[in-house]
Amino acid sequence: MTLPFLVILPLFGAFSMPIVSLLGKKLKEYWAVIISGATFAVAAKVFYTVWRNNEILLYTLGSDNPIGRGVNFPIRIVWEVDLFGALLALTITFVGFLAIVYSLGYMKHDTGLEKYYTLVLVLELGMLGIVITGDIFNFYVFLEIMSIASYALVAFRNDTWEGIEAGIKYMFVGSLASSFILLGIALLYGQYGTLTMSYLGIKIAENPTLVAKVALAFLIGGLLFKSGAVPVHMWLADAHPAAPSSISAMLSGLVIKAGGVYAVARIVFSIFNPGLHAYLKAFNMPSINMEAVGWVIVFFACLTLLIGNAMAVVQTDMKRLFAFSSVGQIGYILLGIGIGTLAYGSRAGELALAGAIYHIVNHALIKALLFFVAGAVIHEVGTKNLNELSGLARKMPMTTLAFIIGAAAIIGLPPLNGFASKWIIYESSAMYNPILAAIAVVGTVFSLAAYTRVLFTFLGRESEKVKSAKEPEMSMLIPMLILVVAIVVMGLLPWQINDKIMLPTARMLEQLNGEYMVALLKFLGGA
């Protein structure tokens, strides 16, 4: 089975990096590219296998069976990969690979690059572990691996107070969020005696206690911190501008997805399944009110998409503008997850969940491109202040074109990929509650204003600061062009992608027939 190599490859690459770096100055960079490229190939194979067979992959660490001697429930770590996890793994490895290639040019003047590439591979390892694990404590371990690597990478350029301050702030907020998550996991383990997500879902449905409800509150609260939702978004607005742009692309495109909104969806649908608890409630049996959970998610989603996009309008720092835009886009994803919870089992709920998953992928590609653009501008001009970047389009036409494509996609203009996912979220919101759709559209208006301002700056009269600017080297330009092509191609095939990939992914995540839980029971085979 190829699944274990999703973790083995980046782990081996990270731990061998100090030895490889001794063999040659450039070898560490090529080693990082080779490892991340191979990991992307494995993720593509895993995704294709799950998508083609429409079956959940299971793998037990250290044994063929998760059942131990003398017990009749899972005690070993289980990796359980459905389409949602496989799609996220593919996205993580694709953007991670491009970020490492981009780093060849962007980071070449920095020192301590063996530490940088080691941390990037560890960051990728943590995210991949999160999306493939079926064990909730194993999820926490990988979450911490990802978090510690991201804290260090935000503060990697420690010659500036901006990086150190942002890294410390991120670490404090992240540690608080992790404490909430760990407390929620501890409560569930203490109550039900298992850490396997599928089995937890079964046990919670059998006996939905107050402890389970408190644990869910801690988990959702901690994960909203990790995703950068308003009002706990302050770390994100500082961390993204301070980090190297290659890392900003991963933070915005991947980290807040894997450690935030992905985990919210996984816990809500795979452990506290809304359909199962609605069924129990219909027969007046003890249950958890998942409708209340859905409204909590929708509330924070609306707050996040409005405030995040509105704050982007007033920024003069280009990377800070993109960071607040990321906050706003997380709001759209949370809105889709929230409506998917509220309208579970209906067409509106299925569409909302598909739209959220679609937007996770689209936003990862778009925001990676925009932060690559910001990095190219900083690398060539030496500033990210929009007041000093007027007329940049004449000196950096390819970079400006990449920005235009990324900005148009994030706003949701057809025929680019952002249009399809946003349209599905608008449509499902309108089907459930037109007021939610109106709020989502208002958020997009703010986003339009923010990116139009940047575009007018690039197209304005040439300033002194940009007179000597030129296009970045090919190692930086090629990843941007690959992302442009991906955004355009996905935009030209939106409904095919939705019908063939996103809707099946949403259905597998919803598990209307308990597929995530049943997969474990089949795996146990009555042992």
Side-chain angles (χ1 to χ4, degrees), residues 87 90-91 94-95 98 102 249 252-254 257 305 308-309 312-313 318 321-322 324-333 335-336 351-352 354-374 376 393 396-429 437 440-459 477-503 505:
L87 181 62
L90 182 66
T91 306
F94 177 63
V95 174
L98 293 180
Y102 181 89
S252 180
L254 305 176
K257 311 291 178 43
L305 70 88
N309 285 316
V313 177
M318 182 165 53
L321 185 152
F322 293 165
F324 274 110
S325 172
S326 292
V327 173
Q329 300 309 311
I330 286 295
Y332 289 102
I333 296 167
L335 183 61
L351 277 177
I357 294 166
Y358 207 163
H359 205 58
I360 287 173
V361 177
N362 285 342
H363 181 253
L365 301 180
I366 297 165
K367 200 48 64 76
L369 174 61
L370 289 171
F371 274 113
F372 285 171
V373 167
M396 302 176 71
M398 293 296 292
T399 303
T400 303
L401 175 64
F403 167 77
I404 292 171
I405 296 295
I410 203 77
I411 292 164
L413 294 181
L416 301 171
N417 64 346
F419 168 74
S421 53
K422 278 198 169 183
W423 181 264
I424 294 168
I425 293 171
Y426 295 154
E427 182 183 357
S428 57
S429 302
V441 171
V442 171
T444 298
V445 172
F446 285 131
S447 183
L448 173 63
Y451 284 100
T452 301
R453 180 163 164 263
V454 180
L455 179 60
F456 281 159
T457 298
F458 279 19
L459 297 175
L477 205 55
I478 288 173
M480 288 195 283
L481 295 178
I482 290 172
L483 287 169
V484 166
V485 171
I487 288 167
V488 172
V489 170
M490 288 182 69
L492 294 174
L493 302 169
W495 311 124
Q496 293 90 331
I497 292 171
N498 186 55
D499 292 342
K500 296 290 186 182
I501 298 175
M502 303 305 166
L503 279 172
T505 302

What distance do [X] atom [atom1] and [Y] atom [atom2] have between them, rounded to the nearest 0.5 Å?
X: Phe322; Y: Ser252; atom1: CZ; atom2: OG; result: 10.0 Å
X: Ile357; Y: Lys257; atom1: CD1; atom2: NZ; result: 13.0 Å
X: Ile333; Y: Leu305; atom1: CD1; atom2: CG; result: 11.0 Å
X: Asn309; Y: Ser326; atom1: CG; atom2: OG; result: 10.0 Å
X: Lys422; Y: Leu413; atom1: NZ; atom2: CG; result: 9.0 Å
X: Phe446; Y: Leu448; atom1: CZ; atom2: CG; result: 11.5 Å

Report yes if the side chains of [X] and [Y] come closer than 4.5 Å at any heavy-atom pair, otherwise no.
X: Met490; Y: Val361; value: yes
X: Pro479; Y: Phe372; value: yes
X: Leu98; Y: Met480; value: no
X: Ile424; Y: Trp495; value: yes
X: Val485; Y: Leu481; value: no
X: Thr91; Y: Leu254; value: yes

Looking at [X] and [Y], what are the two nearest heavy atoms and their distance?
X: Ile411; Y: Thr444; answer: O-CG2, 3.3 Å
X: Asn417; Y: Ala409; answer: OD1-CB, 3.6 Å
X: Val484; Y: Leu369; answer: CG2-CD2, 3.9 Å
X: Phe419; Y: Gly412; answer: CD1-O, 3.3 Å
X: Ala449; Y: Val313; answer: CB-CG2, 4.2 Å
X: Leu335; Y: Ile425; answer: CD2-CG2, 4.1 Å

Strictly by side-chain hydrogen bond (donor to acceptor under 3.5 Å, both in side chains), give each pair with a member in residues 446-456 just once, sequence neighbours left out. Ser325-Tyr451
Donor-acceptor pairs under 3.5 Å, side chain of residues 398-406 to any protein atom, not counting sequence neighbours: which ones?
residue, atom, partner, partner atom, Å
Thr399, OG1, Glu471, OE1, 2.7
Thr400, OG1, Met396, O, 2.8

Partners meeting ring-ring contact (aromatic ring centres under 6.0 Å, His included) with Phe94 (sequence neighbours left out): Phe40
Show, in sequence, the C-alpha distance, side-chain angles and deciding distance for Tyr332 and Ser421, and conclude whether the side chain to side chain donor-acceptor pair (under 3.5 Å) test is met. CA-CA 9 Å; Tyr332 289 102; Ser421 53; over 6 Å; no
